[in-house]
Number of protein chains: 2
Amino acid sequence: MTIQPIDINNLTKGIGPNVSPEAFTNDKRKIFLFGSPSYTNIGDQAIAYSIEQFITSRFPYYEYIEIMDYATDEGIEFVKKIIHEDDIVMFTGGGNLGSLYLDIEEDRRKVFAAFKDYKSISMPQSVFFENNEHGEQEKKKTQDAYHQNKNLTIAARENQTLDIVRQTFDSNVIYTPDMVMSLDYVPRQKEREGVMFFLRADKEKVMEEDFVAELMEWTKKYGSVDRADTVLDEKVVPTIDYADREKHFLEMLDLISSKKLIVTDRLHAMIFSILTKTPCLVFGNSYGKAKHSYQDWLSSIRFVEYTDSKDVELLEQLADKLMQEEPNEVDLRKDYQPLVDFFRS
Amino acid sequence: MTIQPIDINNLTKGIGPNVSPEAFTNDKRKIFLFGSPSYTNIGDQAIAYSIEQFITSRFPYYEYIEIMDYATDEGIEFVKKIIHEDDIVMFTGGGNLGSLYLDIEEDRRKVFAAFKDYKSISMPQSVFFENNEHGEQEKKKTQDAYHQNKNLTIAARENQTLDIVRQTFDSNVIYTPDMVMSLDYVPRQKEREGVMFFLRADKEKVMEEDFVAELMEWTKKYGSVDRADTVLDEKVVPTIDYADREKHFLEMLDLISSKKLIVTDRLHAMIFSILTKTPCLVFGNSYGKAKHSYQDWLSSIRFVEYTDSKDVELLEQLADKLMQEEPNEVDLRKDYQPLVDFFRS
């Protein structure tokens with residue numbers, strides 16, 4: 001048998017955008033991140049950014065290599081050629097493990113099945129399979145794929161997900177916060193003006209437009225009121241490749257830092273508010289992603305509050321309270337220890 | 001007046017080795033690190049490595065640009081052309097502010113005088129001027145240079161230095177641990193064997209060779225006994241440029257991780273032992289650098305102990321005790337807050 005030489009000068013785009021070609025062939029132990037997002041969800045971009053910081057700051061002796069989502073198939077074939085026994089395969093974190101985002105779930109199945117003999121991890125996720133026939137079918141496909149891999153660890157980012165993972169999979173399970181909460185980011189000091197709504201326009205949306213209109217009306221008392229999403233409009237920004245990730249993420253943090261109040265049903269708009277010390281009122285999505293992250297990890301943050309209330313008068317009082325709080329800190333560093341232990345051993 | 005165009009394709013070596021040329025001309029706020037070491041003291045290399053991590057992880061919106069020590073003069077001229085009003089000038093940390101390492105002290109004087117109108121900082125240092133005529137003369141020259149700069153902050157890394165800085169300079173003073181203690185580094189798990197002595201061969205050395213020989217003799221009971229220094233032999237490694245910094249630093253950490261016990265009079269051999277959870281017996285240098293860092297910040301670490309004892313029997317008992325301790329942690333993150341506040345504002 002002859003070993004196929006690797007033509008590192010003729011690589012598919014999206015394989016190792018964060019490294020120089022010698023990274024593929026040096027003798028360092030390697031960590032491969034699959035599913036690195038090219039789509040415009042800044043929450044998912046921030047997760048990939050945070051995973052990179054987490055690994056490179058704590059484990060500088062590993063070679064950390066990303067494979068972009070659009071290069072998953074070619075990436076699997078390429079990594080098969082260069083992977084060594086003690087290397088690690090990761091799939092990125094987020095809120096897409098389950099039956100709602102099948103393009104991503106299919107890639108995750110492929111990766112864990114393809115590298116079934118290697119230490120593998122699904123980085124912190126929220127898990128949700130719909131409670132219907134479609135959901136059950138997809139759950140079965142996911143189980144069949146993941147269970148081929150006896151070396152798989154699944155990280156759950158809320159208690160609710162931890163229960164689901166334990167009930168659904170035979171894999172090892174660990175429990176940590178969302179990766180973005182592991183950043184050391186120090187917010188820029190900005191003049192704050194007005195209110196920004198970050199609201200879903202996707203299948204997880206549960207907030208009614210009449211209610212949103214009512215909220216937008218009374219928040220005018222704080223200044224300008226604008227509406228956006230942490231998923232950028234693909235007509236304006238079609239994709240975000242590795243090279244532009246930091247820029248878009250930091251622009252989003254600056255935007256949030258410039259507001260007096262954030263109103264959102266997005267988990268990461270809440271987390272970005274915490275990073276930037278911006279008062280934030282949080283509502284739910286279809287299956288409790290923001291709610292449970294808040295309750296499990298973040299409820300000691302006094303300038304952010306989760307609520308299911310529809311009582312506008314009560315919400316006004318709550319918003320006033322949040323804006324009067326002196327921003328406090330929550331230290332979750334120790335809560336990432338299970339992840340540190342995973343990569344250490 | 002015409003503005004001189006900057007020929008970024010024809011830069012002196014050592015200016016911005018950590019960035020691509022567009023970094024000099026983009027519109028980000030900039031932090032310049034002067035004095036980035038090219039010499040083979042791995043302690044000083046580790047400090048520069050840690051400063052880079054500290055800034056880039058907490059303040060990713062700044063452009064962080066290093067100027068190597070050998071390019072100080074050309075670097076000053078270059079930075080004068082591109083610096084903006086709210087940029088920050090740093091000089092690296094270490095144990096060389098004073099009259100013992102005049103080549104570095106002269107560079108530091110030049111930098112703080114040249115950028116007297118810009119926010120400037122001497123990163124965490126130990127300060128020592130000899131108590132003689134030479135020391136007094138050099139102190140005067142340092143005062144004259146630093147005092148031109150009304151925007152200068154000096155960071156002291158021990159209480160002893162804090163006192164000296166307050167008595168000697170009109171500048172702002174802040175107090176933080178050595179920068180290397182700010183790393184998130186997670187040690188590799190290695191087989192441990194034998195004992196390594198890291199001992200000075202410089203003007204700060206106070207340990208007598210007879211005593212060292214006696215120590216090396218009884219430590220043989222733990223296995224092999226070797227002797228080295230955290231300053232690499234320049235006949236083997238003449239210089240360490242930015243590109244090779246991480247490699248040499250990680251090699252040193254691996255070496256220390258592979259030992260059962262470290263015996264040293266080097267501050268950074270002690271700090272590397274803490275990072276790698278390696279039992280370590282620490283002796284003094286001429287002016288208390290390791291001693292005071294230990295007493296001020298690190299005395300809760302149970303597997304490391306500072307001692308001035310010459311009683312070999314007592315030292316044996318102490319070494320045995322250190323090796324039996326379960327490695328504990330010290331969390332100094334909050335102690336860097338004055339530095340975070342400096343860069344934030």
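These values consider heavy atoms only, across backbone and side chains, with no hydrogens, waters or symmetry-generated copies. Convention: sequence-line order gives letters A, B, ...; per-chain numbering from 1.
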Within residues 244-257 of chain B, residues adjacent to chain A where the heavy-atom gap is under 4.5 Å
E246(B), L250(B)
Can you list the residues of residues 181-193 of chain A that sit under 4.5 Å from chain B, counting heavy atoms only?
D184(A), Y185(A), V186(A), P187(A), R188(A), Q189(A)
Part of residues 52-65 of chain A lying next to chain B, heavy-atom separation under 4.5 Å
Q53(A), T56(A), S57(A), R58(A), F59(A), P60(A), Y61(A)
Select all residues of residues 29-47 of chain B having any heavy atom within less than 4.5 Å of some heavy atom of chain A, and report them by number, or 'none'.
none
